[in-house]
Protein chains: 2
Amino acid sequence: MLSDVMEDYLKAIYQLQGEHEERIKTSAIADALEVTSPTVTSMLEKLEERGLVDREKYRGVTLTDEGETVALEVVRHHRLLEAYLTEHLDYDWSEVHAEADRLEHHISEDFEARVADALDEPEVDPHGSPIPSADLEPPDRSAGKSVTEFAEGDVVVVEEVADHDPEVLSYLATHGVEPGVELEILEVAPFGMVTARSSETVDDVSLPEGVAHHVRVTPLPQAES
Amino acid sequence: MLSDVMEDYLKAIYQLQGEHEERIKTSAIADALEVTSPTVTSMLEKLEERGLVDREKYRGVTLTDEGETVALEVVRHHRLLEAYLTEHLDYDWSEVHAEADRLEHHISEDFEARVADALDEPEVDPHGSPIPSADLEPPDRSAGKSVTEFAEGDVVVVEEVADHDPEVLSYLATHGVEPGVELEILEVAPFGMVTARSSETVDDVSLPEGVAHHVRVTPLPQAES
DNA sequence: ACACCGATTTAGATCCATCTAACCCTAAAC
DNA sequence: GTTTAGGGTTAGATGGATCTAAATCGGTGT
């Protein structure tokens with residue numbers, strides 16, 4: 001059996017691998033989990049012993065297939081919970097992350113199955129992030145690009161808002177930046193700030209780079225007249 | 001902040017106080033939580049330091065008001081979860097206990113409130129046990145008596161089935177012993193076994209003392225013709 | 001090539017919850 | 001009243017997750 005903490009490390013590594021590919025450094029994990037690097041080093045040793053990560057001293061880790069499966073299970077729990085909380089308990093998308101983070105390690109397989117059933121096997125959570133399927137096959141994580149990669153005049157559809165800060169999410173929601181909406185890019189500043197107009201609201205929104213980076217979009221399938 | 005484990009100790013003490021009154025002995029807690037007595041002793045010392053229990057060395061503990069409040073909060077979480085799981089996620093009453101035990105320490109106050117709201121502030125859980133109210137005032141725990149205290153010919157209504165074993169609960173359900181049903185007492189054997197006929201089923205049920213003790217009932221309000 | 005800086009690992013300590021073994025208290029039996 | 005059996009507590013160890021301080025690695029720049 002794995003501890004909650006081990007699951008958190010595996011989840012963190014999985015998510016970092018999704019962002020930057022390849023080997024994940026000790027310090028990146030330490031930042032993500034808010035612990036010190038020696039703590040991470042000793043945890044990585046334990047995970048390595050259990051065959052959940054491949055480690056090269058001083059050069060970072062990658063998940064083994066087994067480690068990835070565990071991470072996917074945790075992510076599935078997390079995102080199913082997020083979906084359930086918004087659908088059935090009237091949570092706002094800005095609030096679900098913290099609650100799901102607390103519960104994800106403590107639900108049974110049975111609970112997972114019942115929640116998935118109640119939601120009719122959803123494919124994405126309220127932030128547009130894909131929910132790993134019950135068989136825990138690694139999902140495609142290449143859907144969408146950061147909105148920062150587009151240019152003035154492009155029209156895009158928001159696929160995913162991969163931020164967890166409730167304040168940021170509330171802000172985005174009130175300015176019409178949510179999965180499914182269309183965004184017309186008005187400006188991409190050299191320092192990464194994106195200004196856009198949402199199909200949902202009248203006002204324009206400006207997203208500082210840190211935020212914009214988490215807004216993943218796809219080009220509008222059909223050009224508009 | 002209290003650890004999950006501390007909450008478990010307080011809940012266990014609360015429940016033991018409900019059964020046998022007064023001081024709770026180290027060994028009773030050790031049995032309930034499946035740990036050794038030295039472990040309990042050292043935990044009780046910590047709880048005493050925090051003002052959650054009153055301890056008299058070699059003679060057991062009682063909850064302080066503060067400790068009782070914590071216990072009631074945990075019990076409220078537990079029973080609300082049990083009610084929610086049966087009402088909204090199609091769980092059977094025999095299955096909810098284990099799941100609620102895992103989740104009870106990890107839900108937020110917000111989650112608790114939303115669940116209570118979705119259920120319209122229920123007063124009892126699926127086993128008929130009272131759910132402490134949101135203000136955490138100690139509820140009356142004298143409702144009902146053990147079915148073992150009645151005699152042949154008595155007709156009673158099941159108020160609560162305070163057992164947690166899924167096997168026992170399934171057995172009871174298939175034999176018509178659930179909160180709300182009427183039971184006609186057919187025999188109370190000298191060694192405590194109770195035989196009764198449920199208003200729900202044709203067969204008679206026999207309950208060995210250990211089980212019967214957990215079936216709490218009240219005399220039928222109106223005598224039948 | 002070499003030195004240096006930043007990141008990583010090693011070393012050693014702490015706190016929590018748990019255990020076993022050994023000792024000791026309380027209450028019941030005589 | 002003494003004795004004794006059974007349960008409670010003390011002592012000391014373990015394993016998990018964390019920390020700080022100190023040593024060490026590795027890539028960068030000259």
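Chain letters run A, B, ... following the sequence lines, proteins first, then strands; residues in each count from 1.
One finds a side-chain N or O of B:K46 lying less than 4.0 angstrom from the OP1 or OP2 phosphate oxygen of C:dA17. Regarding contacts with the backbone of D:dA17, every side-chain N or O of A:T39 stays at 4.0 angstrom or more from both OP1 and OP2. Checking the phosphate oxygens (OP1, OP2) of D:dG7, no side-chain nitrogen or oxygen of B:S37 falls inside 4.0 Å.
Remark: C1' of D:dT10 and CZ of B:R55 are 11 Å apart, rounded to the nearest angstrom. Atom CD of B:E48 is separated from atom C1' of D:dG8 by 14 Å (rounded to the nearest Å). At whole-Å resolution of the value, CG in B:D31 and P in D:dG6 are 16 Å apart. The distance between atom CD of A:E7 and atom P of D:dG16, rounded to the nearest whole Å, is 16 Å. Between B:M1 atom CE and C:dC15 atom P the separation is 20 Å, expressed in whole Å. Remark: C1' of C:dT18 and CG of B:L44 are 14 Å apart, rounded to the nearest angstrom. Between B:K57 atom NZ and C:dC25 atom P there is a gap of 9 Å when expressed in whole angstrom units. Put simply, NZ on A:K25 is 11 Å from C1' on C:dT8, counting in whole angstrom units.
Note on ring orientation: taking the six-membered ring where Trp is involved, the planes of B:H127 and B:H164 are perpendicular (angle over 60°, cut-offs 30° and 60°).
Residue B:Y58 places its side chain closer to C:dC25 than to any other of C:dC25, C:dC19, C:dT9. Taking the side chain of A:P38 as heavy atoms from C-beta on, and the options C:dA11, C:dT8, C:dT20, the nearest nucleotide is C:dA11. With C:dT8, D:dT18, C:dT18 as the candidates, the nucleotide lying closest to the side chain of A:T26 is C:dT8. With D:dT9, C:dA27, C:dA17 as the candidates, the nucleotide lying closest to the side chain of B:R59 is C:dA27.
The aromatic ring centroids of B:H78 and B:H97 lie less than 6.0 Å from each other.
Ion pairing of A:E123 with A:R76 is absent here, as no side-chain N (NZ or NE/NH1/NH2) approaches a carboxylate O to less than 4.0 Å. Between B:R114 and A:E95, at least one side-chain N (NZ, or NE/NH1/NH2) sits under 4.0 Å from a carboxylate O, which counts as a salt bridge.
Across all strands, A:E45 comes closer than 4.0 Å only to sugar-phosphate atoms, never to a base (heavy-atom distances). Across all strands shown, A:T41 has heavy atoms under 4.0 Å from base atoms, whether or not it also approaches the sugar-phosphate. Nucleic acid contact for B:S3: sugar-phosphate only, since backbone atoms but no base atoms lie under 4.0 Å from a heavy atom of the residue. Backbone-only engagement by B:S27 is indicated by non-hydrogen atom pairs under 4.0 Å involving sugar-phosphate atoms exclusively.
Across B:I29, B:L47, B:D54, a single residue satisfies side chain to side chain contact (heavy atoms under 4.5 Å, CB included) together with B:V61, and that is B:I29.
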